[in-house]
Every structure is written in C-alpha cells, then in structure tokens.
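In what follows, a single structure is set out as structure tokens and then discussed.
Below, all heavy atoms of this structure are taken into account, side chains as well, without hydrogens, waters or symmetry copies. This one's a predicted model, so the numbers in the text were calculated from it and none came from an experiment.
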Amino acid sequence: MTFAILKKSSKFGLLFLVLSSVLPVSAGNSLDLSGVALAEPEALSVPTEIQASIPQEDAGIINFARVPDETGFAVLIRSVYGLDINSADAIRFIIDDGFHVPYRRDPGFDTVRVVKLDQAPDERVTFLWAVYDRFLEPFMPTGYPAGRVIHIKVEIRDIRNNILRPDPFEFKIETAEEKTASRKDLPKTNEFYTFDPFSEDGGGAAIEITEGKLRGAKVIYSSLEPLTPEFGSPNAIEEINLEGIRPAGLPVNLMPHTVFDTPVALFLPVSENADIRSVGLAYHDGTQWIAAADAAGNILPGAEGWLVPGSRVNHEQSSPPLIEVQVYHFSAAQAVVFTSFDGNRDEDQDKDQNGGANVVVFASCFINSLK
C-alpha cells in the first residue's frame, strides 16, 4: 500500500515565481534527530508537494471520520530546494471557519508550529510538518464551531521563490453529540512523571492504562507539549477490514489529533501468543489501512511523517509484551497477523526469516467513526 497523497496533478502542476520580502521572525519548533538515519526522500515532480494532511481531506464530509473541535490542522511538506522556516511567507494558512472573517496565520504567529523531519538547517528545510493550532488562539474560541465545515488554504514559498498556489482543504467538525459519545467507556489510566530522553531538561510525563485487557499500553511525552496525550475509548475504532489479516490484540485509541513538537514514545501491547519479533507496524491515515514498518523496523512507503526511523524497541519480558516506537502524531494501534501476502514482499524470504508467520501492528487515526 502507499501513503494517501492528497494532491492532484492539476492542482500542483502550476508553479510560478514571485518577488516577496523576507520577514525575520523567531524560528519554528524543530525536532532534534541527530544520529537517526532517515529514509531517503523520493524524487519530486514539482519543487514542492503537500503529501498528506491532518485531518484528511474531506474528513467528516465524504466519510464518517471524527474531527474534534480542538483539532490541529497539519500538512506534510516535501520541498526540493527547501523552505526557510524563519520566514513568515514560507508557509501561510488562510482559515475560514464559517463564523469569523477568513484570517491568515504564518510562522510569525504563536499558533503556527514547524516540526522538522530532516536534519537540514532552518533556512533550508526539505521535509516537515507545518501545523496550525486553533486551540492556541488568544482572542477567539479555542475550538472550531461544532458541526461546521472548516476551509483552510495553504500557500508555500521555497527559498527559490517557487510558490505553491493556495491549496484548499476542508473537513467537518464533530457535533456536540459526537463529542459527548467519544468520552464514554474510557479506559482506567494513571498519569505520572518520568524521565524523558527526548527532552532537553530530562523532564517528561506519561500515561498508562492500568486495568483491563489493554493494561500496559503507555505513552511517554514531553511535558511542554501544548496538548496532553490521552487514551480514548477502544469502542470508537472501526474494525480492521482487510483480507489476509487477523487481530493479534485489542485496539488502543490514542488522542489528541495533533502533531507533537517532540516525538511521543508509544508502547503497544502484543498478544502473548504472538512472536513479538515478527510484529511489524501499520496505521490508518483516516481513509485506509497502511503498512508502516516491517519487523526489523524498516519504514515502509506511507509511514514517513508518522513513525520515527530507528525508534523501535521490543520489550519481550514485559507482561504483556510491548513494542515501543516513537511517533510524530497519534493513531490508534492494534496488533494483527498477516495470513496472506499482497505480492509486495518475498513470501519465501518472510517465511525463512520469521518461521512462516508475519505479525503486523495496524493502527487507525482516532478520528475514525464512532460505532
């Protein structure tokens, strides 16, 4: 499977040059990936592409995806020449919530964050999440109006003044009734402070499920994150519906719907009758199930921007066994077993390496429909 590309060739084929001033502002938040091997980017047909968005395009409009009112809006950007994230006109969001007059936000505002996915300098970032946080607005409601369709246009300028014309996205916010329903059947959890290896000061926080069949599921995150991670109801997750796959554990619903400044350490339970060494990773992008990584931790096409390369750790001795990975944004995860192959991998090789069995963790973004 491939990562859902939200662009259309007609949309992205037109690029033009403009002259514009560079406004010095404070740099956006960046991610320290020193020493981490990153996947090589694919060649782009145009100078800049938006490769994905959170929420997905038309979420809640053409499907039953749940989009909370406090959702952040994020776009995954690749640029051949790079973006100067210190420049206010590198990325522009134009937001129309149907209530306020359409307004513009850029990296000069505290409501816009940049999370780097490469090790390039801030003046030439080629792979990044750009995030607009409505919940950080100081002079308007922190949540979008319930049940409204939100329209956001994104304009991008690279360091060579190539302009990606305003690209429109839209999604529908959940109703008040859907929001109330999402707060039911939440698992029992415990919150505590812990050592955070990704934090400069070593301080961090964690939340862990303490009771029930999901006991042991845990996230460790930076205490400086603008939104606090939490577990949602497992009943709010759609069942896996792919041929050749069977569950090997229960789903773990993860919230909120945002890209984190610092990757979150996610601990996923695996059924004790499954060989954790044969467990891979996958997630749901809001519209389809996508394989994310093999059992060796190699990232598969579609998982860039979700999974941090080289972050997997197996905790075989824990009860239940746990897979630890770092993720840039949240999804709801579930262990599953591949019972057939789709032809993308060598079946004989898989059998030789894994004793004839493959286990993969699949995930669905928590915005999926409530049952």
Side-chain angles (χ1 to χ4, degrees), residues 1-25 27-54 56-57 73-94 105-108 112-132 152-169 259 263 285 290 292 298-310 328-329:
M1 295 183 184
T2 59
F3 202 42
I5 304 301
L6 299 180
K7 65 182 182 64
K8 298 179 180 178
S9 58
S10 60
K11 213 192 240 188
F12 288 79
L14 179 60
L15 293 165
F16 52 93
L17 297 177
V18 299
L19 296 177
S20 58
S21 61
V22 177
L23 302 179
V25 298
N29 293 308
S30 61
L31 177 65
D32 182 8
L33 294 179
S34 301
V36 176
L38 299 178
E40 290 294 327
E42 297 180 2
L44 302 182
S45 58
V46 292
T48 300
E49 287 184 352
I50 294 177
Q51 296 191 320
S53 73
I54 300 175
Q56 287 283 330
E57 170 73 346
F73 175 76
V75 287
L76 182 64
I77 302 170
R78 276 201 188 277
S79 176
V80 173
Y81 306 113
L83 309 181
D84 180 359
I85 62 174
N86 294 318
S87 172
D89 58 356
I91 305 163
R92 290 173 174 167
F93 297 97
I94 301 172
R105 294 294 182 265
D106 56 51
V112 173
R113 297 181 290 121
V114 171
V115 178
K116 293 167 54 177
L117 304 187
D118 63 13
Q119 299 180 48
D122 288 356
E123 295 76 19
R124 194 176 66 256
V125 182
T126 60
F127 193 28
L128 67 149
W129 280 105
V131 189
Y132 165 67
I152 297 181
K153 293 181 180 179
V154 183
E155 182 179 295
I156 302 170
R157 182 185 66 84
D158 70 15
I159 60 174
R160 294 194 178 184
N161 282 332
N162 293 305
I163 297 293
L164 181 63
R165 64 181 181 180
D167 187 32
F169 295 85
V259 176
D285 69 355
I290 296 176
N298 299 308
I299 296 181
L300 302 177
E304 290 182 319
W306 177 65
L307 183 66
V308 177
Y328 297 108
H329 62 87

Taken to the nearest 0.5 Å, the spacing of K153 NZ from R92 CZ works out to 14.0 Å
With side chains defined as the heavy atoms from C-beta onward, is the minimum distance between I299 and P309 less than 4.5 Å?
yes
Do D118 and V125 have side chains that approach each other closer than 4.5 Å (heavy atoms only, starting at C-beta)?
yes
Does the plane of the ring in F73 sit parallel, tilted or perpendicular to the ring in F93? Use 30° and 60° as the thresholds.
perpendicular
Over all atoms of both residues, closest heavy-atom pair of V259 and I54:
CG2-CD1, 3.9 Å
Do the side chains of I159 and E123 get nearer than 4.5 Å, heavy atoms only?
no
Does the side chain of H329 come within less than 4.5 Å of W306's, by heavy atoms?
yes
How far apart are the closest heavy atoms of E304 and F127, and which atoms are they?
CB-CZ, 4.0 Å
Charged tip of R160 within 45° of Y81 ring normal and under 6.0 Å
yes
Once rounded to the nearest 0.5 Å, what's the spacing between atom CH2 of W129 and atom CD of Q51?
9.5 Å
Could you give the distance from CD1 (I152) to CG (D167), rounded to the nearest 0.5 Å?
11.5 Å
Could you go through L128 and I91, starting from their C-alpha distance and side-chain angles, then the distance that decides it, and tell me whether this counts as side chain to side chain contact (heavy atoms under 4.5 Å, CB included)?
CA-CA 11 Å; L128 67 149; I91 305 163; 3.9 Å; yes
Might you point out which heavy atoms bring P107 and A88 nearest each other, and give the distance in Å?
CD-O, 3.6 Å
Nearest heavy-atom contact between V131 and A74 is CG2-CB, 3.9 Å
Between K116 and D122, does at least one N-O distance fall below 4.0 Å, as a salt bridge requires?
yes
Are L83 and I156 side-chain neighbours, meaning at least one heavy-atom pair lies under 4.5 Å?
yes
Gap separating the CD atom of E155 from the CG atom of D89, nearest 0.5 angstrom
8.5 Å
Roughly how far apart are T126 OG1 and I77 CD1, rounded to 0.5 Å?
11.5 Å
First locate atom OG1 of T48, then atom CG of L164, and finally report the distance between them rounded to the nearest 0.5 Å.
6.5 Å
